[in-house]
Amino acid sequence: MEHSNPLTQMCPKYEHAISILGKRWTGLIIRVMLNGPVRFKDIREIVPQLSDKMLSERLKELEEEGILERKVYPEMPVRIEYELTEKGADLRPVIESIEHWSHDWVEIKPEDTCKE
């Protein structure tokens, strides 16, 4: 496969991938979902700064991109879970790479340290 010079032209596929993954909260949502199916409230508990409106918007976008699927269980009350598709699960090495890079290079205030 022939590649263009990255200094003169950007690949549209790469550009689209960055437009998806570069949106605020998207990486955090995907990171939470790497552990398996989750409910809306589970994501909100792990990422409390994320508003319900923004979480709904991001989940819908990720579903439209085929990165996650929304499963509705006809119980009383109705249970809804979100799970990464194969396409979404394939982001694991990308997300883990960013996580490793952040531990080596990102500086934060002492009170914001990671709980490992």
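For the pair L28 and I43, the minimum side-chain heavy-atom distance is 4.5 Å or more. Under the 4.5 Å side-chain criterion, counting only non-hydrogen atoms from C-beta, I80 is in contact with R70. Y82 places none of its side-chain heavy atoms less than 4.5 Å from the side chain of D42.
The two residues I30 and L84 have their closest heavy-atom pair at O-CD1, 4.3 Å. In terms of heavy atoms, E81 sits closest to P37 at OE1-CB, 3.6 Å. For the residue pair E83 and M33, the shortest heavy atom distance occurs at N-CE, 3.5 Å. For the residue pair T85 and L68, the shortest heavy atom distance occurs at CG2-C, 3.7 Å.
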Worked verdict on R39 versus R79 for side-chain contact (heavy atoms from CB on, under 4.5 Å): CA-CA 8 Å; R39 296 173 76 174; R79 179 171 51 106; 3.7 Å; yes

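Proximity of a side-chain donor or acceptor of R92 to a complementary backbone N or O of L34 within less than 3.5 Å is detected. Checking side-chain atoms of S97 against main-chain N and O of V94 turns up no donor-acceptor pair under 3.5 Å. In this structure, R58 contributes its side chain and R24 its backbone to a donor-acceptor pair below 3.5 Å. Of the possible donor and acceptor atoms, one in the side chain of K87 sits under 3.5 Å from a partner among the backbone N and O of E65.
Tracing side-chain contacts under 4.5 Å through hydrophobic residues (I, L, V, M, F, W, Y), one never reaches V106 starting from I98; they form parts of separate clusters. Hydrophobic clustering (ILVMFWY, side-chain heavy atoms < 4.5 Å, transitive): F40 and Y73 are in distinct clusters. Hydrophobic clustering of Ile, Leu, Val, Met, Phe, Trp and Tyr side chains at less than 4.5 Å, counting indirect connections, unites I46 with I95.
Residue E61 holds its CD atom at 3.5 Å from NZ of K23, rounded to the nearest 0.5 Å. To the nearest 0.5 Å, the span separating CD on E86 from CD1 on I67 amounts to 13.0 Å. Taking CZ of R31 as the reference point, atom OG1 of T26 lies at 15.5 Å (rounded to 0.5 Å). With values rounded to the nearest 0.5 angstrom, I18 atom CD1 is found 11.0 Å from C11 atom SG.
For E45, there are no salt bridge (Lys or Arg N to Asp or Glu O under 4.0 Å) partners at least two apart in sequence or on another chain.
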Please tabulate, one pair per line, all N/O donor-acceptor pairs under 3.5 Å involving side-chain atoms of residues 47-57, not counting sequence neighbours.
unit_1, atom_1, unit_2, atom_2, d
S51, OG, M54, N, 3.1
D52, OD1, R44, NE, 2.4
S56, OG, D52, O, 3.0

